[in-house]
Enquirer: 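Supplied in structure tokens, the structure appears directly below.
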Amino acid sequence: MRTPVNRFPELGRVLPTSDLAGTAVSRPGRGREGAVVAAAFVICLLGGTVRVEDALTAPPLAAYLLALVSAAVLPARHRRPLAVLAATTAAGLAAQPLGLVLSPLVIAPALVAAYACTLHMPGERRAAGAVTLAGVALLAGSVPLAGDLSWQDASRIGSVPAAPLVAGLVGHAARTRRAYLAAVEERARRAEESRELEARRRVAEERVRIARELHDLVAHQITLANAQATVAAHFVDSRPEQTRVSLRELVETTGQALDELRATVGLLRQTGDTDTGVTEGPAPGLARLPDLLESFRRAGLEVTLREEGRARPLPPGVDLTAYRIVQEALTNVTKHASGRGTRVGLDWGGGRLTVTVTDDGGAPTGPPALSDRPPGYGLLGLRERATAVGGDLTAGPREEGGFLLTAHLPVPPVRDTATAEEGRTGHANDGTEGTA
């Protein structure tokens, strides 16, 4: 649906009138065209009734002939404005040789042609030059061929060349207005297209963000539940007590997954200020990293954490990204790695946070990993997350075996010691190490 032009009262750039040559110009209908031609014919014919002594007589045959020829070429003024202007001007110059008084009435068809020339002719300067040349020609043709020059002749000599110039100015004003309206309409159309493209882009970005959040949430919880179920199945005969523990943890994990999924879907269903009864909790961050590692340990993954440097507060987006990177990396280890030992590192040096997750690639020490699962979009989503907050992420196999994921995330400078200490809340002490 096109935006109304009155929504854009200010125009940044008005198209030059010369640009109208290649644009579609509205043509008058047949009824309007016929009315213009008929009016020009009648006015030209009435001009033939005027005599030099200002007497009025019936129009002679020459007046009919002149009016007919001048009006007959007017329908072509939209396609050939210069040719029509030349023809009507030549017909006006023939008035005195035919015994008619050259007046603005006689050259009425030439006035219509001058208006059309400045309105439709490509090139504003060319149109102005053509109309001026026509005015000069009519000025020369209005001089009496014989006799003295009277005041009445002088007034006619002045009005005849001025008439096409006035018609040309009116046509130029109409042309400028059409150019302005065309530019406003084009601006409105482009603005509408820009809004549609921006809306599509935002929808696409939102779909990617939602898909990424749901992937991180569901993949993590389902992978843990699958690993716990695998442990229970592995020890169902040899270690029944361990099986019962794994089943209890499985129930707890699936319950947490349902709660988080319900909360996430509830937030996505909110529109505007509508209250769905779901309360949005704080976004996860590195403060919840110990709980995250413990959940993987309960699933049978040996995880160690090492933190170096001085922790500092992180923006919410960077904090969430660091948490999701560790979560997705450990989920991939649980699903695909042959070994079960993994090291998580947090390095706060160099003005940035370096997150590393290393899989040792050793032989399995517990139940078999979920290595038969096909790869998904986890690493792609992690790279998108890191790039979105101004960081970068690399991942690939190590020469000594296993897999290494490294992410560099920006960290704001520490303003004072108190702020830095607040940022350390919930994190492990510098150089500490937790072992399963």
Enquirer: Looking only at non-hydrogen atoms, find the nearest pair between Ala329 and Leu405 and report the distance.
Expert: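 For Ala329 and Leu405, the tightest heavy-atom pair comes out as CB-CD1, 4.2 Å.
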
Enquirer: Got a second to check how far Leu93's CG is from Leu98's CG, nearest 0.5 Å?
Expert: 11.0 Å

Enquirer: Between Arg126 and Met121, is there a side-chain heavy-atom distance shorter than 4.5 Å?
Expert: yes

Enquirer: Return yes if some donor-acceptor pair links the side-chain N/O of Arg288 with the main-chain N/O of Tyr323 below 3.5 Å, else return no.
Expert: no

Enquirer: Out of curiosity, Leu111 CG to Ile43 CD1, how far, rounded to the nearest 0.5 Å?
Expert: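 Between atom CG of Leu111 and atom CD1 of Ile43 there are 8.5 Å.
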
Enquirer: So, does Asp392 use its side chain to make a donor-acceptor pair with the main chain of Ala386 at under 3.5 Å?
Expert: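 Between the backbone of Ala386 and the side chain of Asp392 there is no qualifying donor-acceptor contact (under 3.5 Å).
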
Enquirer: How about Pro104 and Val160: do any of their side-chain heavy atoms sit closer than 4.5 Å?
Expert: yes

Enquirer: To the nearest 0.5 Å, what is the distance between CG (Leu102) and CG (Leu138)?
Expert: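 That separation rounds to 6.0 Å.
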
Enquirer: Quick one: does Val357's side chain get under 4.5 Å of Asn332's, heavy atoms only?
Expert: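 No - every pair of side-chain heavy atoms lies 4.5 Å or more apart.
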
Enquirer: Quick check on side chain to side chain contact (heavy atoms under 4.5 Å, CB included): which of Leu100, Leu45, Ile107 does Leu66 satisfy it with?
Expert: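 With Leu66 as partner, Leu100, Leu45, Ile107 yield a single side chain to side chain contact (heavy atoms under 4.5 Å, CB included), made by Leu100.
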
Enquirer: Could you tell me if the side chain of Leu165 sits less than 4.5 Å from the side chain of Val131, heavy atoms only?
Expert: yes

Enquirer: So, the side chain of Arg175 versus the backbone of Thr118: is there a donor-acceptor pair under 3.5 Å, distance only?
Expert: yes

Enquirer: The test is side-chain contact (heavy atoms from CB on, under 4.5 Å); show your working for Val84 and Val112 and say whether it passes.
Expert: CA-CA 10 Å; Val84 172; Val112 176; over 6 Å; no

Enquirer: Identify the heavy atoms of Ala108 and Ala40 that sit nearest to each other, and give their distance.
Expert: CB-O, 4.3 Å

Enquirer: Determine, for Glu294 against Arg297, whether the closest basic-nitrogen to carboxylate-oxygen distance falls under 4.0 angstrom.
Expert: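 Arg297 and Glu294: salt-bridged.
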
Enquirer: How far apart are the C-alpha atoms of Val344 and Val303, what are their side-chain angles, what is the distance that settles it, and do they pass the side-chain contact (heavy atoms from CB on, under 4.5 Å) test?
Expert: CA-CA 7 Å; Val344 177; Val303 186; 4.1 Å; yes

Enquirer: What is the distance from atom CG of Leu382 to atom CD of Gln327, rounded to the nearest 0.5 Å?
Expert: 9.5 Å

Enquirer: Does Glu185 reach the side chain of Leu181, with side-chain heavy atoms less than 4.5 Å apart?
Expert: no

Enquirer: Consider side chain to side chain contact (heavy atoms under 4.5 Å, CB included). Of Leu393, Val355, Thr354, which one does His408 pass it with?
Expert: Thr354

Enquirer: If we only count heavy atoms from C-beta on, is the Val73 to Arg80 side-chain gap below 4.5 Å?
Expert: no

Enquirer: Determine whether a donor-acceptor pair (N or O, by modelled atom type, separation under 3.5 Å) exists between the side chain of Thr387 and the backbone of Glu384.
Expert: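 No: the side chain of Thr387 does not pair with the backbone of Glu384.
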
Enquirer: Considering non-hydrogen atoms only, spot the tightest contact between Cys44 and Pro109 and give its length.
Expert: CB-CD, 3.9 Å

Enquirer: Regarding Glu186 and Arg190, does a basic nitrogen lie under 4.0 Å from an acidic carboxylate oxygen?
Expert: yes

Enquirer: Considering the options Arg195, Arg202, Arg200, which one meets the salt bridge (charged side-chain N to carboxylate O under 4.0 Å, His left out) requirement together with Glu198?
Expert: Arg202

Enquirer: Taking all atoms of both residues into account, what is the closest heavy-atom pair of Val37 and Ala71, and its distance?
Expert: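 Minimum heavy-atom separation between Val37 and Ala71: CG1-O, 3.5 Å.
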
Enquirer: When rounded to the nearest 0.5 angstrom, what is the spacing between CD in Glu307 and CG in Leu289?
Expert: 8.5 Å

Enquirer: Quick one: does any side-chain atom of Ser295 pair with a main-chain N or O of Leu292 as donor and acceptor, under 3.5 Å?
Expert: yes

Enquirer: Look at the rings of Phe41 and Tyr64 and say which category their plane angle falls in: under 30° parallel, 30 to 60° tilted, over 60° perpendicular.
Expert: tilted

Enquirer: Atom CZ of residue position Arg201 - does it have more than 12 heavy atoms of other residues, nucleotides or ligands inside 6.0 Å?
Expert: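 Yes, CZ of Arg201 has more than 12 neighbouring heavy atoms, counting only those of other groups under 6.0 Å.
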
Enquirer: What I'd like to find out is whether the side chain of Val101 reaches to under 4.5 Å of the side chain of Val106, using heavy atoms alone.
Expert: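 Counting from C-beta outward, Val101 and Val106 never come under 4.5 Å.
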
Enquirer: Looking only at heavy atoms, what is the nearest atom pair of Val318 and Leu314, with distance?
Expert: CG1-CD2, 4.2 Å

Enquirer: Under 4.5 Å between any side-chain heavy atoms of Arg77 and Thr88, yes or no?
Expert: no

Enquirer: Heavy atoms only: give me the nearest Ala114-Ala167 pair and the separation to one decimal.
Expert: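 Closest approach of Ala114 to Ala167: CB-CB, 4.2 Å.
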
Enquirer: Roughly how far, to the nearest 0.5 Å, is CG of Leu85 from CG of Leu133?
Expert: 8.5 Å

